[in-house]
Amino acid sequence: MRTSLLWLFPGLLLGLVLLWLHGSYERMRVLQNQVSQLQRELDTFTPPQATSRPPVKPEALPQVYAWLVRQAEQQNLRLVRMEPQDAMARLVLEGGFASVFQFLKSMERPPYALWVERYSLIPTVQSAQELQLEILVGVEVQR
């Protein structure tokens, strides 16, 4: 009786492998569809700042930096450090979460051709309720 059932083992093993392959194929097909959809969205995406504001004249850069500082002050953020560098500005600000959030919201529709290159948030040493925002802002300068 044992030998008569042994012929079922390779068939059962093959069936399990085919079942696993079919599941893997389905997951791959779903992922390919998601990648295709994301690629279509990426192809049609244009950053709002790129088309909405003209480049800043080099002599107007101090006004841009002053606007950034005013935005921080209006949101009750403390300016810890500001480092203007040609067409970039690195700011370090401290304040509550709501203030940081409102400051970042103000960066969505600036009066100048700006973009946020990168930013990081970390809790301050003084209080877990406050955050330190380090943000690198790019400015499109007229050449």
Side-chain angles (χ1 to χ4, degrees), residues 2 5-143:
R2 287 185 184 158
L5 293 177
L6 282 177
W7 66 271
L8 289 174
F9 183 70
L12 181 63
L13 185 61
L14 181 61
L16 289 173
V17 168
L18 288 174
L19 189 62
W20 178 79
L21 284 173
H22 178 70
S24 295
Y25 172 77
E26 286 300 315
R27 285 189 298 274
M28 184 182 72
R29 194 175 59 75
V30 167
L31 288 173
Q32 284 177 331
N33 287 339
Q34 290 173 343
V35 166
S36 296
Q37 181 181 357
L38 287 172
Q39 186 62 48
R40 284 191 301 273
E41 290 176 19
L42 183 62
D43 290 342
T44 60
F45 176 76
T46 55
Q49 291 86 356
T51 58
S52 63
R53 303 285 182 238
V56 176
K57 293 180 181 177
E59 58 271 12
L61 280 173
Q63 294 170 336
V64 174
Y65 301 143
W67 180 83
L68 287 168
V69 171
R70 274 194 314 277
Q71 292 305 305
E73 289 171 349
Q74 286 175 359
Q75 301 309 324
N76 297 317
L77 293 172
R78 289 182 305 284
L79 178 64
V80 175
R81 185 173 65 242
M82 180 174 179
E83 301 168 1
Q85 315 157 344
D86 295 327
M88 298 289 251
R90 180 181 313 274
L91 288 90
V92 178
L93 307 165
E94 290 183 350
F97 175 80
S99 297
V100 169
F101 178 76
Q102 288 303 322
F103 176 78
L104 291 173
K105 289 258 323 152
S106 74
M107 298 299 293
E108 289 179 354
R109 302 232 188 275
Y112 302 102
L114 302 177
W115 70 91
V116 174
E117 186 73 26
R118 67 178 171 268
Y119 70 93
S120 65
L121 290 169
I122 56 172
T124 63
V125 177
Q126 295 86 0
S127 167
Q129 300 297 320
E130 289 201 342
L131 296 170
Q132 184 178 73
L133 169 66
E134 184 172 341
I135 186 168
L136 183 62
V137 179
V139 183
E140 186 178 348
V141 178
Q142 189 177 44
R143 303 283 174 203

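Values below: every heavy atom of this structure, side chains too, minus hydrogens, waters and symmetry copies.
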ask   = Going through the distances and angles, do L93 and L79 end up as a side-chain contact (heavy atoms from CB on, under 4.5 Å)?
value = CA-CA 5 Å; L93 307 165; L79 178 64; 3.5 Å; yes
message = Can you give me the closest heavy-atom contact between G95 and L77, atom names plus distance?
response = CA-CD2, 3.6 Å
inquiry  = If you compare all heavy atoms of P55 against all heavy atoms of Q142, which two are closest, and at what distance to 0.1 Å?
reply    = CB-N, 3.6 Å
request  = Return the minimal non-hydrogen interatomic distance between G138 and M88, and the atom names on each side.
outcome  = CA-SD, 3.3 Å
query = Looking only at heavy atoms, what is the nearest atom pair of S106 and W67, with distance?
reply = O-CH2, 3.8 Å
inquiry  = Nearest 0.5 angstrom please: L14 CG to L19 CG, how far?
reply    = 11.0 Å
task = Rounded to the nearest 0.5 Å, what's the gap from CG on N76 to CD on Q102? Could you check?
result = 11.0 Å
ask   = Would you say W115 and E140 make side-chain contact, with heavy atoms under 4.5 Å?
value = yes
query = Around atom OH of Y65, are there more than 12 heavy atoms of other residues, nucleotides or ligands at under 6.0 Å?
reply = yes
query = Which pairs with one or both residues in residues 97-107 pass salt bridge (Lys or Arg N to Asp or Glu O under 4.0 Å), sequence neighbours excluded?
reply = K105-E108
message = Counting C-beta onward and ignoring hydrogens, is there a side-chain heavy-atom pair between L114 and L68 closer than 4.5 Å?
response = yes
ask   = Within a strict 4.5 Å, meaning less than it, do heavy atoms of the L133 and L104 side chains meet?
value = yes
remark   = Closest non-hydrogen atoms of V141 and L61, given as atom of the first, atom of the second and distance, are CG2-CD2, 4.1 Å
query = What residues, two or more places apart in sequence or in another chain, satisfy salt bridge (charged side-chain N to carboxylate O under 4.0 Å, His left out) together with E73?
reply = none
request  = Apply salt bridge (charged side-chain N to carboxylate O under 4.0 Å, His left out) to E59 and list each qualifying residue two or more places apart in sequence or on a separate chain.
outcome  = none
inquiry  = Assess the residue pair R90 and R118 against the criterion (side-chain contact (heavy atoms from CB on, under 4.5 Å)); give the C-alpha distance rounded to whole Å, side-chain angles, the decisive distance to 0.1 Å, and a yes or no.
reply    = CA-CA 10 Å; R90 180 181 313 274; R118 67 178 171 268; 3.9 Å; yes
task = Taking all heavy atoms of L121 and all of V100, pick out the closest pair and write down the distance.
result = CD2-CG1, 3.5 Å
